[in-house]
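To start, the structure itself, in structure tokens.
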Amino acid sequence: RCLSDWSSDVCSSDLVERMLASVPSKYLLGLKTVVLTNSSGLPRKRRRAVTRSRKRKVKIMDASGLYHQAWQGKQAWVEIFLDNVLERFENHWAGRLGFLREAEISDVLFHEIGHHIHFTVRPEHREKEDVADVWKVRLGKVYLRQRRPLLNMVQNLLRPIIGPLVRRLHHRAAKRMLAIGAISQAEFDEEFKKGRPGD
């Protein structure tokens, strides 16, 4: 469902349905709805409410997304606040690049689905945000492979030639993102856990 005033190419059920279609169905059992909305449209009571992330309180109106667990007979659902997810693209030329906006939305969606997997399918005894970040990386890779098969084919052809260089550049960029807090340690470790950056 879309309750946002963002343009139709962003606020599109097709976009989210494409992302959801890449997730194995066993991980989506019990997840009823994904709602695309704006934090600015929240009622006053919810704007003042808080949630917890990594043992810190975060105002709901500042969150990019929320996972709502099943409760009192109601199924689990995900809420994505498009204005918060895409705010850095507002009034910026990059906002016209659909694949960048798609990447931002998929990061949030797959992170929230990661919470669903953690609570319903694969419980782990560690920081829940780290678990969700790991699933975000895994699900994001699957989605990209399905979404851009031609790019994957080109990458596979060029890997023997430029693979090591690409891996080094990717590793270096990820280290910078980790240093400024753009990604978590869990994301970094999952991305490079095999010791072969980018694989």
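In this chain, numbering begins with 1 at the start of the sequence shown. These figures come from a predicted structure and were not determined experimentally.
- For residues 27-51, the set of pairs meeting the salt bridge (Lys or Arg N to Asp or Glu O under 4.0 Å) definition, not counting sequence neighbours, comprises Arg46-Glu79.
- Between Leu86 atom CG and Glu104 atom CD the span is 7.0 Å, to the nearest 0.5 Å.
- The line from CD1 of Ile183 to CD of Glu190 is 12.0 Å long, rounded to the nearest 0.5 Å.
- The closest side-chain heavy-atom distance from Tyr143 to Arg18 is below 4.5 Å.
- Ring geometry, His115 versus Tyr67: the interplanar angle falls under 30°, so the pair is classed parallel (tilted spans 30 to 60°).
- Just one residue in the list Val78, Thr51, Ile80 forms a side-chain contact (heavy atoms from CB on, under 4.5 Å) with Leu66, and that residue is Thr51.
- A donor-acceptor distance shorter than 3.5 angstrom exists from the side chain of Asp83 to the backbone of Ser40, with no hydrogens or angles considered.
- Of the candidates Val108, Leu82, Leu109, Ser64 forms a side-chain contact (heavy atoms from CB on, under 4.5 Å) with just one, namely Val108.
- Annotation: the span from Gln75 atom CD to Thr120 atom OG1 amounts to 11.0 Å, rounded to 0.5 Å.
- Taking 4.5 Å as the limit, some side-chain heavy atom of Leu42 sits within range of a side-chain heavy atom of Ser39.
- Linking ILVMFWY residues whenever their side-chain heavy atoms come closer than 4.5 Å, directly or via other members, leaves Val131 and Val137 in distinct clusters.
- The shortest side-chain heavy-atom distance between Trp77 and Glu112 does not fall under the 4.5 Å cut-off.
- Ring geometry for Phe192 against His170 counts as tilted: the plane angle lies between 30° and 60°, on a 0 to 90° scale.
- Side-chain atoms of Glu124 do not come within 3.5 Å of backbone N or O of Arg126 as any donor-acceptor pair.
- Every residue two or more places apart in sequence or in another chain was checked for a salt bridge (charged side-chain N to carboxylate O under 4.0 Å, His left out) with Asp107, and none qualifies.
- A heavy-atom distance below 4.5 Å is found between the side chains of Glu102 and Met19.
- Between Val58 and Ser53, the closest heavy-atom pair is CG2-CB, 4.0 Å.
- Here the side chains of Ile113 and Trp135 are not in contact, with every heavy-atom distance at 4.5 Å or above.
- A side-chain donor-acceptor contact under 3.5 Å links His116 to the backbone of Leu29.
- Partner of Asp130 under the side chain to side chain donor-acceptor pair (under 3.5 Å) criterion, chosen from His118, Arg54, Gln185: Arg54.
- Cluster membership check: Leu15 shares its hydrophobic cluster with Leu20, using side-chain heavy-atom separations under 4.5 Å among Ile, Leu, Val, Met, Phe, Trp and Tyr.
- The heavy-atom pair separating Lys57 from Arg52 by the smallest distance is CE-NH2, 3.3 Å.
- Residues Ile117 and Leu139 are in side-chain contact: their nearest non-hydrogen atoms beyond the backbone lie under 4.5 Å apart.
- Annotation: side chain of Asn38 is not in contact with side chain of Phe81 (no heavy-atom distance under 4.5 Å).
- The cluster map of Ile, Leu, Val, Met, Phe, Trp and Tyr, joined by side-chain heavy atoms under 4.5 Å apart, puts Phe188 and Met177 in the same cluster.
- Considering all non-hydrogen atoms of both residues, Phe110 and Ser22 come closest at CZ-OG, 3.9 Å.
- Looking at Glu187, its side chain does come within 3.5 Å of a backbone N or O of Ser184 through a donor-acceptor pair.
- At a threshold of 4.0 Å, the pair Glu191-Lys141 counts as salt-bridged, since one of the basic side-chain nitrogens sits closer than that to a carboxylate oxygen.
- Linking Ile, Leu, Val, Met, Phe, Trp and Tyr residues whenever their side-chain heavy atoms come within less than 4.5 Å places Ile105 and Leu28 in a single cluster.
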